[in-house]
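Okay, structure first, notes after.
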Amino acid sequence: VIQRFLHKFSPSDCQFIYDDVTSNLVHVATQRYGCCVLQRCIDHANPIQRKSLVDQIGANALQLVQDQFGNYVVQYALDSCPPNEHSVIISKFVGSVTQLS
């Protein structure tokens, strides 16, 4: 149902979804269906909403990449967001490559 809202309504009409997902990003991203919802949020967000999501993904990137579903969210953000938004995510991996190997 949430994905349908994102598809049918404008980003401003769905602000309540972005607010909730951003506030609960780790919980949403690490759930089987939640990671799909989060990916659709990235797809349909306006630039301000997407930046907020990417900032939270970046803040929790090390935790997310170690989760079976959260890992997909980080990969999706890197694949689908503009390069200027990648640094907040990439910076979390500096000095952690060995830990993640």
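The structure displayed is predicted, hence computed values, not measured ones. If you read the sequence from its start, that first residue is 1, and numbering goes on from there.
In this structure, the side-chain hydrogen bond (donor to acceptor under 3.5 Å, both in side chains) partners of Arg40, at least two apart in sequence or on a different chain, are Asp43, Tyr76.
Arg50 has a carboxylate O that lies under 4.0 Å from a charged side-chain N of Glu85, or vice versa, which qualifies the two as a salt bridge.
At least one side-chain heavy atom of Ile57 sits under 4.5 Å from a side-chain heavy atom of Ile42. With a 4.5 Å cut-off on side-chain heavy atoms, Phe93 and Val65 count as touching. Between Asn46 and Ser12, every side-chain heavy-atom pair lies at or beyond the 4.5 Å cut-off. With a 4.5 Å cut-off on side-chain heavy atoms, Ser52 and Tyr18 do not count as touching. The shortest side-chain heavy-atom distance between Cys14 and His44 does not fall under the 4.5 Å cut-off.
Phe9 and Leu53 fall within a single hydrophobic cluster, where Ile, Leu, Val, Met, Phe, Trp and Tyr are joined by side-chain heavy atoms under 4.5 Å apart, directly or via other members. Note on Tyr72 and Val21: separate hydrophobic clusters, where clusters join Ile, Leu, Val, Met, Phe, Trp and Tyr whose side-chain heavy atoms are under 4.5 Å apart, directly or indirectly. Both Leu78 and Val54 are members of a single hydrophobic cluster when ILVMFWY side chains are connected at heavy-atom separations under 4.5 Å. No continuous path of ILVMFWY side-chain contacts below 4.5 Å connects Val74 to Val94, so the two sit in separate hydrophobic clusters. Val73 and Tyr33 fall into different hydrophobic clusters, where Ile, Leu, Val, Met, Phe, Trp and Tyr are joined by side-chain heavy atoms under 4.5 Å apart, directly or via other members.
For His86, the NE2 atom counts as densely surrounded, since its 6.0 Å shell holds more than 12 non-hydrogen atoms of other residues, nucleotides or ligands. Within 6.0 Å of CD1 in Ile48 there are 12 or fewer heavy atoms belonging to other residues, nucleotides or ligands.
Defined by atom type and a distance below 3.5 Å, a donor-acceptor pair is present between the side-chain atoms of Ser10 and Asp13.
With values rounded to the nearest 0.5 angstrom, Ile17 atom CD1 is found 6.5 Å from Cys41 atom SG. Once rounded to the nearest 0.5 Å, the distance linking OG1 of Thr22 with CG of Leu38 reads 8.0 Å. Of the inter-residue distances, the one linking Gln39 atom CD with Ser80 atom OG reads 8.0 Å to the nearest 0.5 angstrom. Remark: Asn60 CG to Leu25 CG distance equals 6.5 Å, nearest 0.5 Å.
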Worksheet entry | Check against side chain to side chain donor-acceptor pair (under 3.5 Å), Gln63 and Asp67 | CA-CA 7 Å; Gln63 180 180 357; Asp67 179 81; over 6 Å; no
Item to complete: For Phe69 and Gln31, run side chain to side chain contact (heavy atoms under 4.5 Å, CB included): C-alpha distance rounded to whole Å, both residues' side-chain angles, the deciding distance at 0.1 Å, then the answer.
Response: CA-CA 6 Å; Phe69 301 115; Gln31 302 299 312; 5.9 Å; no
Practice prompt. Go through the steps for Leu64 and Asn71 under the test side chain to side chain contact (heavy atoms under 4.5 Å, CB included), then give the verdict.
Written response: CA-CA 5 Å; Leu64 293 174; Asn71 182 46; over 6 Å; no
Fill in: Step-by-step side chain to side chain contact (heavy atoms under 4.5 Å, CB included) determination, Val28 to Cys35
CA-CA 6 Å; Val28 173; Cys35 78; over 6 Å; no
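Taking all atoms of both residues into account, the shortest heavy-atom contact from Lys92 to Gly58 is CG-O, 2.8 Å.
Not one N or O on the side chain of Asp20 forms a donor-acceptor pair closer than 3.5 Å with the backbone of Phe16.
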